[in-house]
Amino acid sequence: MRILVIGGGAREHALCWSLAKSSDAGEIYCAPGNPGIAEVADCLPVSSGEIVELADFAEKLRIDLTVVGPEVPLSLGIADLFAKRELPIFGPSRLAAQIETSKVFAKEFFGRHGIPTAAAEVCSSADEVRAAVDRLGYPTVLKADGLAGGKGVLIVESAHDMKRALGLFFGERVFGAAGDRVLVEEFLHGHEASFLAICDGEVALPLPTARDYKTLYDGDRGPNTGGMGGHSPAGVLDAEGSSRALREIVWPTLRGLAQEGRPFRGVLYAGVMVTDLGPKVLEFNARFGDPETEVILPRVATDMAAVLSAALSHGELERFSPLEVKAEVCAGVVLCASGYPGVTVSGKVISGLTEAARVPGVEIFQGNTQQDGDRLLTGGGRIMVATATAPSLADAIARAYEAAEKIQFEGKHFRRDIGAAGLNRV
Ligand code: AMP
Ligand code: GLY
């Protein structure tokens, strides 16, 4: 099987690493990839947004399975284009991906299909937002309708926060057109989990659960980022909770999307809040999570290339249910460039990778790195994820941090409390 993975971050590194272990895997390509991915795949010089060029490559290289990492090519209709050209692709159509790319669409969809979620109002002006917040009270949550790289959610706790948030949405317009409509949402209390399932349009095959640590600072404080670390399992969803998330959230979503003419083939990722009343969905993503994928895939024993290609044929996916999952726990710590999630510098020399990779159970997945001769340099933002598997969460965390400490680059920073939420619950 000839495989093409689209994207160039730590999630795609984990995907290529996992797919390369498949007994059926032949040549693996990644576009654009990164220096870490280059160790397991051939990197193609095409960015993930150039969907026509990607289809041309897939055709020329006779790719049997294309796997899409990021949301942007999905929002541009990469799956529709590949389907038109009869190229096999694992990822949802543009219309199905709206479950992620429009929070307003998603919220209205939840209403139509009785899927448990936070109450919300859709607003298009600062006055409408103020009126909605008056009704819902503090704390409340403001969400940009469109894609905002995981940064379009603001928790508003006071009139002061509110003024700042309105300035960002309607004054500075930091989210651009993605912030034209704003969802004002009831604040839910509980514990968060990421619940991902591989879908073929009809059947959902759950992956192991995970917990993502989204905010910049320890103790879940500070601005939201693309993810600072995580672990699998999530630690907050027991078998009953997982089964409810599947029955009450994932299945009705998959069915509803099919009924509305948007059958979903790809990874349906529910961000779930486990509340006293049961699991409620905070958001859906239409793809593998990052950094969830980096901590989920090391635990999956089933051949992922076989699973993902089964999702492309009718009636094949069920054969793999349930996925074989290792009993070990996996934790991952994201190492960032200084300034992240704001403007970051790049070009700093990275060292210590070999020593870090020698820590038992450790896999390092590279995100934004650059090769410069025989030097590995930072490319800004999230540089890499140090993951570790171990029999217990405490051991997995300790190993991941041991590896994280051994990797050096100027300005490196990371959260020190990855796993705390899971440890408190286990
Ligand atoms: P989202 O991108 O929608 O997952 O939101 C990012 C983060 O904001 C989530 O992981 C939660 O921590 C928080 N969040 C989003 N919606 C809510 C809500 N309705 N209540 C409480 N926290 C929320
Ligand atoms: N971990 C959050 C995301 O992938 O969007």
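All values below were derived from every heavy atom in this structure, side-chain atoms included, with hydrogens, water molecules and symmetry-related copies excluded. Both ligands and their constituent atoms are indexed starting at 1 by order of listing. The model shown is predicted, which means the values in this text are computed figures rather than measured ones.
- Which of Asp220, Val141, Asp212 comes nearest to atom 18 (C) of ligand 1 through a heavy atom is settled by distance: it is Val141.
- The distance from atom CG of Leu95 to atom OG of Ser102, rounded to the nearest 0.5 Å, is 11.5 Å.
- Given atom 1 (P) of ligand 1, the protein heavy atom at minimum distance is Glu283 CD, 3.4 Å.
- Given atom 17 (C) of ligand 1, the protein heavy atom at minimum distance is Leu282 CD2, 3.5 Å.
- The parts of Leu188 lying near ligand 1 are both backbone and side chain, judged by heavy-atom distances below 4.0 Å.
- With ligand atoms numbered from 1 in the order given, ligand 2 contributes 1 (N), 2 (C) to contacts under 4.0 Å with heavy atoms of Asp212.
- A heavy-atom separation below 4.0 Å is not found between Arg11 and ligand 2.
- Taking the six-membered ring where the residue is Trp, the centroids of Phe175 and Phe169 are separated by under 6.0 Å.
- Among protein heavy atoms, the minimum distance from atom 13 (C) of ligand 1 is reached at Ile155 CD1, 4.0 Å.
- For ligand 2, the atoms closer than 4.0 angstrom to any heavy atom of Tyr269 are 1 (N), 2 (C), 3 (C), 4 (O).
- Scanning the protein heavy atoms around atom 7 (C) of ligand 1, the nearest turns out to be Asn224 ND2, 3.8 Å.
- Residue Arg287 approaches ligand 2 through these ligand atoms, each under 4.0 Å from one of its heavy atoms: 3 (C), 4 (O), 5 (O).
- For atom 11 (C) of ligand 1, the closest non-hydrogen atom of the protein is Glu192 OE2, 3.2 Å.
- Annotation: His231 is in aromatic contact with Tyr213 [ring centroid separation under 6.0 Å].
- Residue Val153 has no nitrogen or oxygen atom sitting less than 3.5 Å from a nitrogen or oxygen atom of ligand 1, judged on distance alone.
- For the atom pair Phe105 CZ and Arg112 CZ, the distance stands at 5.5 Å (nearest 0.5 Å).
- Looking only at heavy atoms of the protein, atom 3 (O) of ligand 1 is closest to Lys143 NZ, 3.1 Å.
- Not a single heavy atom of Phe288 sits closer than 4.0 Å to an atom of ligand 2.
- For Glu12 (side chain) and Gly9 (main-chain N/O), a donor-acceptor pair under 3.5 Å exists by modelled atom type.
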